[in-house]
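Note sheet for the following structure.
In listed order, ligands and their atoms are each counted from 1.
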Amino acid sequence: MGIKEKYKTLRAEIPESVSIVLACKTRTLEEVQEAIEAGARDLGENYVQEAQEMYDSLGEKARQVRWHMIGHLQKNKINKALRVFDVIQTVDSAEKAFDINSRAERAGKIVPVYVEINIGSEDAKAGVEPDYRLILKLAEGISKMDYLHLEGLMTMGPRFGDPEASREYFRKTRVMFERIASMDLPRVDMKTLSMGMSNSYKVAIEEGSNMVRLGTIVFGEREEKK
Ligand SMILES: *Cc1c(COP(=O)(O)O)cnc(C)c1O
């Protein structure tokens, strides 16, 4: 199956209420164009520079999609990131939130953000520890920042292995999501629970995800890093 058919088949299978963010790392312009022609409207990028290049190369098409930052965001890349991305899914500390907020203020925009939770991630550095107190405190902190709008949580979970092993992590993330939502904080509108990748999206949706981030299953295996 080509990329177009793959995307369309998945779009038909996955409930309408669940958004599909295509994880574009390592993919070519042609591959991403094909996905957009098949109807993809949300693109995820892990690096600011690659996102900028993809954005520029896509021309008109770049404006048909929402751009999601799903990789680690370095402080010195925030200004650039704000020019490309519509959503930053990887806020993992008060300090990072503060830095994004101050740059957003200068740019005169409100930036939708998600808090990334490190639930059983293989990359031990990405995300906030899955500790309720820490996460609620971070949500409260963000709610005091005028130029950030907290709209969800994101988690990776293990990328390989039995997807059933991710179920408990997804469940925990959902509980946190609901706890933050029930706090009724200003500038917080918990709409999106971003969890599930190619190997785990079905389990994630069963556990309440309404945004899955898919790469391999649409585009095929990635080449090994050189
Ligand atoms: C690469 C990536 C994905 C997609 O992973 P696949 O296993 O290729 O579906 C999802 N989320 C993040 C943050 C990623 O970096």
Can you list every pair where an N/O of ligand 1 is under 3.5 Å from an N/O on the protein?
unit_1: ligand 1; atom_1: 8 (O); unit_2: Thr216; atom_2: N; d: 2.8
unit_1: ligand 1; atom_1: 8 (O); unit_2: Thr216; atom_2: OG1; d: 2.5
unit_1: ligand 1; atom_1: 8 (O); unit_2: Arg222; atom_2: NH1; d: 2.8
unit_1: ligand 1; atom_1: 8 (O); unit_2: Arg222; atom_2: NH2; d: 3.3
unit_1: ligand 1; atom_1: 9 (O); unit_2: Ser198; atom_2: N; d: 3.0
unit_1: ligand 1; atom_1: 9 (O); unit_2: Ser198; atom_2: OG; d: 2.5
unit_1: ligand 1; atom_1: 9 (O); unit_2: Gly215; atom_2: N; d: 2.9
unit_1: ligand 1; atom_1: 11 (N); unit_2: Arg213; atom_2: NE; d: 2.9
unit_1: ligand 1; atom_1: 11 (N); unit_2: Arg213; atom_2: NH2; d: 3.4
unit_1: ligand 1; atom_1: 15 (O); unit_2: Lys25; atom_2: NZ; d: 2.7
unit_1: ligand 1; atom_1: 15 (O); unit_2: Asn46; atom_2: ND2; d: 2.8

In terms of hydrophobic clustering (I, L, V, M, F, W, Y; side-chain heavy atoms under 4.5 Å; direct or indirect links), are Tyr201 and Phe177 co-clustered?
yes
Would you check if Val84 and Val48 make a side-chain contact, meaning some heavy-atom pair closer than 4.5 Å?
no
Looking at CD1 of Ile70 and OH of Tyr114, how far apart are the two atoms once the value is rounded to the nearest 0.5 Å?
11.5 Å
Count I, L, V, M, F, W, Y as connected when their side-chain heavy atoms are under 4.5 Å apart, and connections chain through other members. Are Tyr132 and Met154 then in the same cluster?
no
For Ser143, is there any backbone N or O sitting under 3.5 Å from a side-chain donor or acceptor partner on Arg187?
yes
Have Gln49 and Lys77 got a donor and an acceptor in their side chains that come within less than 3.5 Å?
no
